[in-house]
A.B. asks: 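Could you have a look at this structure, given as C-alpha cells, before my questions?
Each chain gets a letter, A, B and so on, in the order the sequences are listed, and its residues count up from 1. Below, each value reflects all heavy atoms present in this structure, side chains not excepted, and no hydrogens, waters or symmetry copies.
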There are 2 protein chains.
Amino acid sequence: MRMTEARKLILEELRRSSKHPTADEIFLKLRTELPSLSLATVYRNLELLERLGVVKRLELSSGRRHYDGNVLDHAHMRCIECGEVVDMPLPGRGWLRKVLSLSDYDLIGINIELVGICKRCASGKKARKGR
Amino acid sequence: MRMTEARKLILEELRRSSKHPTADEIFLKLRTELPSLSLATVYRNLELLERLGVVKRLELSSGRRHYDGNVLDHAHMRCIECGEVVDMPLPGRGWLRKVLSLSDYDLIGINIELVGICKRCASGKKARKGR
DNA sequence: TTTTGTGCAAACGCTTTGCATTAAT
DNA sequence: ATTAATGCAAAGCGTTTGCACAAAA
C-alpha cells in the first residue's frame with residue numbers, strides 16, 4: 001500500500017473532523033488542496049481504509065454513506081432536519097448479553113442510530129441541508 | 001385512500017411474514033398472485049403505508065431498504081452471510097435517558113442493527129444470498 | 001364521473017468499475 | 001522498472017417520478 005497524497009489527505013480529514021462526512025463532502029473539501037482529486041479516488045480510498053480498520057463506515061438512514069475517523073464503538077444521533085451527526089455512548093453490557101443469549105448469532109458489529117431534531121433546527125435557526 | 005388489490009396484498013404480506021422484505025422481494029412474491037403488479041406500485045404503497053405509521057421502514061446496512069409489518073419498537077440482528085433479519089429487544093431505559101441528557105435532541109426514532117453471522121451460516125449450511 | 005392508483009419507462013443519486021495514464025516504490 | 005493508484009466516463013443498482021390509462025368511490 002502506497003501513501004499517496006490523496007490517501008493522506010482523506011485520512012487526515014476523517015481524523016481531524018468529528019463531522020462524519022460522506023464521500024462527496026470529503027471530495028468537495030479536499031478539492032481545494034488537491035484539485036486533481038476525483039470522487040472515484042475518494043470512494044476507493046474510503047473502502048480501503050475501512051478494510052484496514054482505520055476508519056469506520058456509518059450506515060445511517062440518510063441515504064448516503066458516512067465515514068467516521070473514530071473506530072471505537074459508539075452510537076450516533078442524527079438530526080433529520082440538518083443532517084448533523086453526533087456521537088453517543090453505546091448501551092450497557094446487560095442488553096448486549098441479553099441479545100446474544102437470545103439470538104444464536106456470532107456478533108460482528110453494532111450500528112445504532114438515534115434519529116431526532118437538534119436544538120438549533122427545533123428553534124428554526126439552521127438551514128436545511130440533509131433529509 | 002382506496003383499498004386496492006395491490007395495497008391489500010402488500011400490507012398482508014408485511015403482516016404475515018416476519019422476514020423484513022425489501023421492495024423487490026415483495027414485488028417478486030406478489031407477482032404470482034397479481035401479475036400486473038409493478039415495482040413502482042410496491043414502492044409507492046410502501047411509502048404510503050409508512051407515512052400512515054402502519055408499517056416501518058428499516059434502515060439496515062445492506063444497501064437495500066427493508067420493511068417491517070411490526071411497528072412496535074425493536075432492534076434487528078442481520079446475518080452478513082445470508083441477509084436474514086430477526087427481531088431483538090431494545091436496550092433498557094437507562095441508556096435512553098443517558099443519551100437524551102447528553103444530546104439536546106428531541107428524539108424521534110431509534111434504529112438499532114446488530115450485525116453478525118447466524119448459526120446456519122457459521123456452520124456453512126446455507127447458501128449466500130445477501131451481503 | 002371524478003380522482004386516486006397504476007404500469008411503464010425514463011430519470012435520479014449515490015456508488016462502483018473498466019481502462020488508459022500517472023506516480024510511488 | 002514495476003505495479004499500485006488515479007482520473008475520467010460509463011455502467012450499476014435501488015429508488016423516484018412524469019404521464020397516460022385504469023379502476024375505486
A.B. asks: Any chance you could measure A:Thr41, atom OG1, to A:Arg7, atom CZ, to the nearest 0.5 Å?
C.D. replies: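 That separation rounds to 9.5 Å.
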
A.B. asks: Is the CZ atom of A:Arg97 crowded by more than 12 outside heavy atoms at less than 6.0 Å?
C.D. replies: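 Atom CZ in A:Arg97 is not crowded, with 12 or fewer foreign heavy atoms closer than 6.0 Å.
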
A.B. asks: Starting at CG of B:Leu9 and ending at P of C:dG5, how long is that distance when rounded to a whole Å?
C.D. replies: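 Taking CG of B:Leu9 and P of C:dG5, I get 16 Å after rounding.
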
A.B. asks: What string of B, S and - do you get for nucleotides 20-25 of chain C 5' to 3' if you count protein non-hydrogen atoms under 4.0 Å?
C.D. replies: ---BBS

A.B. asks: State which of D:dT15, C:dT6, C:dA9 makes the closest approach to the side chain of B:Thr41.
C.D. replies: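 Among D:dT15, C:dT6, C:dA9, the one nearest the side chain of B:Thr41 is C:dT6.
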
A.B. asks: Provide, to the nearest angstrom, the distance between the CZ atom belonging to B:Arg64 and the P atom belonging to D:dG12.
C.D. replies: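 Whole-Å distance recorded here is 17 Å.
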
A.B. asks: The criterion is salt bridge (Lys or Arg N to Asp or Glu O under 4.0 Å); which residues satisfy it with B:Asp24, sequence neighbours excluded?
C.D. replies: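 Listed in chain order: nothing, the list is empty.
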
A.B. asks: Can you find a donor-acceptor N/O pair under 3.5 angstrom joining the side chain of B:Arg44 to the base of D:dG18?
C.D. replies: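 When only heavy-atom distances are counted, B:Arg44 does reach the base of D:dG18 through a donor-acceptor pair under 3.5 Å.
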
A.B. asks: Mind calculating the distance between CZ (A:Arg65) and P (D:dG14) to the nearest angstrom?
C.D. replies: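 One finds 13 Å between P of D:dG14 and CZ of A:Arg65, rounded.
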
A.B. asks: Mapping A:Leu39 and B:Arg7 onto DNA chain C by nearest heavy atom, which one lands closer to the 5' end?
C.D. replies: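 It is B:Arg7, whose closest nucleotide lies nearer the 5' terminus.
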
A.B. asks: Which residues pass the ring pair (Phe, Tyr, Trp, His ring centres under 6.0 Å) test with A:His76, not counting sequence neighbours?
C.D. replies: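 With neighbours one apart ignored, the set is A:His20, A:His74.
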
A.B. asks: Scan A:Asn45 against the nucleic acid and name what it touches under 4.0 Å (heavy atoms): base, sugar-phosphate only, or nothing.
C.D. replies: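 Sugar-phosphate, backbone atoms only, no base.
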
A.B. asks: To the nearest 0.5 Å, how far apart are NZ in B:Lys29 and OG in B:Ser17?
C.D. replies: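 Taking NZ in B:Lys29 and OG in B:Ser17, the distance rounds to 6.5 Å.
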
A.B. asks: How long is the line joining CG of B:Leu46 and C1' of D:dG14, in whole Å?
C.D. replies: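 To the nearest whole Å, that distance equals 13 Å.
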
A.B. asks: Report the distance from atom OH of B:Tyr43 to atom P of C:dA11, rounded to the nearest whole Å.
C.D. replies: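 Roughly 19 Å, once rounded to whole Å.
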
A.B. asks: So what does B:Ser36 hit on the nucleic acid, given a heavy-atom distance under 4.0 Å: a base, only sugar-phosphate, or nothing?
C.D. replies: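 Sugar-phosphate: the residue B:Ser36, judged by heavy atoms under 4.0 Å, touches backbone atoms but no base.
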
A.B. asks: Whole angstrom is fine here: how far is it from CD1 in B:Ile10 over to C1' in C:dG7?
C.D. replies: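 From B:Ile10 CD1 to C:dG7 C1': 13 Å.
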
A.B. asks: Just how far, in rounded Å, is P of D:dT16 from CZ of B:Arg51?
C.D. replies: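 Rounding to the nearest Å, CZ of B:Arg51 and P of D:dT16 are 11 Å apart.
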
A.B. asks: Measuring from A:Ile80:CD1 to A:Arg78:CZ, what's the distance to the nearest 0.5 Å?
C.D. replies: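 If we round to the nearest 0.5 Å, A:Ile80:CD1 and A:Arg78:CZ are 7.5 Å apart.
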
A.B. asks: Taking atom P of D:dA23 as reference, at what distance in whole Å does atom NZ of B:Lys8 sit?
C.D. replies: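 Interatomic distance, NZ of B:Lys8 to P of D:dA23: 15 Å.
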
A.B. asks: If you measure from CG on A:Leu58 to CG on A:Asp68, what distance do you get to the nearest 0.5 Å?
C.D. replies: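 One gets 5.0 Å once the value is rounded to the nearest 0.5 Å.
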
